[in-house]
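Reckoned from all heavy atoms, side chains included, excluding hydrogens, waters and symmetry mates. What you see is a predicted model; the values in this text were computed from it and never measured.
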Amino acid sequence: MHITASVFINDDESGLHEDYKKWLEGLAPFDASPQRYAHNRTGEDNADAHMKRQIMGREVVVAITDGRLDFGPWEQIFYGEFDGRRPKRVLVKVIGE
């Protein structure tokens with residue numbers, strides 16, 4: 001994972017995905033200039049992506065029952081990409097029996 005990417009669990013519904021995009025953009029709007037975000041004064045231009053990731057989280061924990069992911073009826077795991085310029089990786093760790 002990169003510091004500007006997120007993993008989260010929610011409903012796979014297109015309206016909800018659009019709502020998340022609008023909501024996150026309202027909370028941390030993209031602005032590459034150094035005037036809005038101090039982080040952008042370091043030569044970066046992705047302060048908004050860091051904040052969006054902070055809100056959405058960096059990991060999920062999922063129970064496994066009888067060898068299957070134990071989700072609610074509409075739950076799925078999603079990967080949120082807030083700064084698509086960098087290579088990413090995903091780590092899956094299984095803990096337990």
Side-chain angles (χ1 to χ4, degrees):
M1 294 258 319
H2 196 271
I3 193 70
T4 57
S6 176
V7 177
F8 58 97
I9 296 176
N10 214 306
D11 186 358
D12 188 10
E13 193 277 313
S14 61
L16 182 60
H17 296 293
E18 284 301 313
D19 291 340
Y20 267 131
K21 288 178 188 176
K22 289 178 186 174
W23 178 66
L24 288 169
E25 195 60 27
L27 292 172
F30 173 75
D31 184 346
S33 73
Q35 285 74 36
R36 180 184 293 264
Y37 300 114
H39 174 70
N40 291 349
R41 297 178 198 140
T42 67
E44 295 282 345
D45 64 357
N46 63 351
D48 68 297
H50 287 275
M51 293 181 183
K52 290 167 182 161
R53 186 287 188 116
Q54 189 68 31
I55 293 166
M56 297 304 289
R58 68 176 294 269
E59 61 191 37
V60 296
V61 175
V62 179
I64 297 175
T65 303
D66 296 327
R68 298 181 60 149
L69 297 175
D70 197 352
F71 286 137
W74 295 280
E75 288 183 324
Q76 291 189 30
I77 298 174
F78 293 95
Y79 176 77
E81 176 58 66
F82 307 116
D83 181 17
R85 297 173 296 163
R86 293 171 170 85
K88 308 291 190 285
R89 68 183 178 95
V90 175
L91 172 67
V92 176
K93 185 180 280 192
V94 178
I95 302 172
E97 299 177 23

**OP:** Before giving the answer on side chain to side chain contact (heavy atoms under 4.5 Å, CB included), spell out for F78 and I9 the whole-Å C-alpha distance, their side-chain angles and the decisive distance to 0.1 Å.
**Re:** CA-CA 6 Å; F78 293 95; I9 296 176; over 6 Å; no
Original post:
Residues in salt bridge (Lys or Arg N to Asp or Glu O under 4.0 Å) with E44, at least two apart?
Top reply: R86
Original post:
Should F82 and M56 count as side-chain neighbours, where that means a heavy-atom distance under 4.5 Å?
Top reply: yes
**OP:** First locate atom NE2 of H2, then atom CG of N46, and finally report the distance between them rounded to the nearest 0.5 Å.
**Re:** 7.5 Å
**OP:** Check the surroundings of atom CD in Q54: do more than 12 heavy atoms from other residues, nucleotides or ligands lie under 6.0 Å from it?
**Re:** no
**OP:** State yes or no: do M51 and L27 share one hydrophobic cluster built from I, L, V, M, F, W and Y residues joined by side-chain heavy-atom distances below 4.5 Å, directly or via other members?
**Re:** no
Subject >> Polar side-chain atom of E81 near backbone of D83 as donor-acceptor pair, under 3.5 Å >> reply: yes
**OP:** Could you walk me through whether H50 and I3 pass side chain to side chain contact (heavy atoms under 4.5 Å, CB included), step by step?
**Re:** CA-CA 7 Å; H50 287 275; I3 193 70; 3.2 Å; yes
Subject >> Pair H39-D45, side-chain donor/acceptor within less than 3.5 Å >> reply: no
**OP:** Give a yes or no on whether the backbone of P34 and the side-chain of R41 come within a donor-acceptor separation of less than 3.5 Å.
**Re:** yes
Subject >> D12 and H17: side chain donor to acceptor below 3.5 Å >> reply: yes
Original post:
Does a side-chain heavy-atom distance below 4.5 Å link I64 with D70?
Top reply: no
Original post:
Do Y79 and S6 come within less than 4.5 Å of each other through their side chains, counting heavy atoms only?
Top reply: no
**OP:** Share the residues that join W74 in a hydrophobic cluster, the rule being Ile, Leu, Val, Met, Phe, Trp or Tyr side chains under 4.5 Å apart at the heavy-atom level.
**Re:** none
**OP:** Measure the CG-CD distance between L69 and E75 for me, rounded to the nearest 0.5 Å.
**Re:** 10.5 Å
Original post:
Does any non-hydrogen side-chain atom of V7 lie less than 4.5 Å from one of E59?
Top reply: no
Original post:
So which heavy atom on V62 is nearest to which on F71, and how close?
Top reply: CG1-CE2, 3.6 Å
Subject >> Heavy-atom side-chain proximity of S33 to D31 below 4.5 angstrom >> reply: yes
Original post:
For N40 and A47, which heavy atoms make the closest approach, and how far apart are they?
Top reply: OD1-N, 3.2 Å
Which atom pairs, one a donor and one an acceptor, fall under 3.5 Å between side chains of residues 18-25 and the rest of the protein, sequence neighbours left out?
{"unit_1": "Y20", "atom_1": "OH", "unit_2": "N10", "atom_2": "ND2", "d": "2.7"}
{"unit_1": "E25", "atom_1": "OE1", "unit_2": "K52", "atom_2": "NZ", "d": "2.6"}
{"unit_1": "E25", "atom_1": "OE2", "unit_2": "F30", "atom_2": "N", "d": "2.5"}

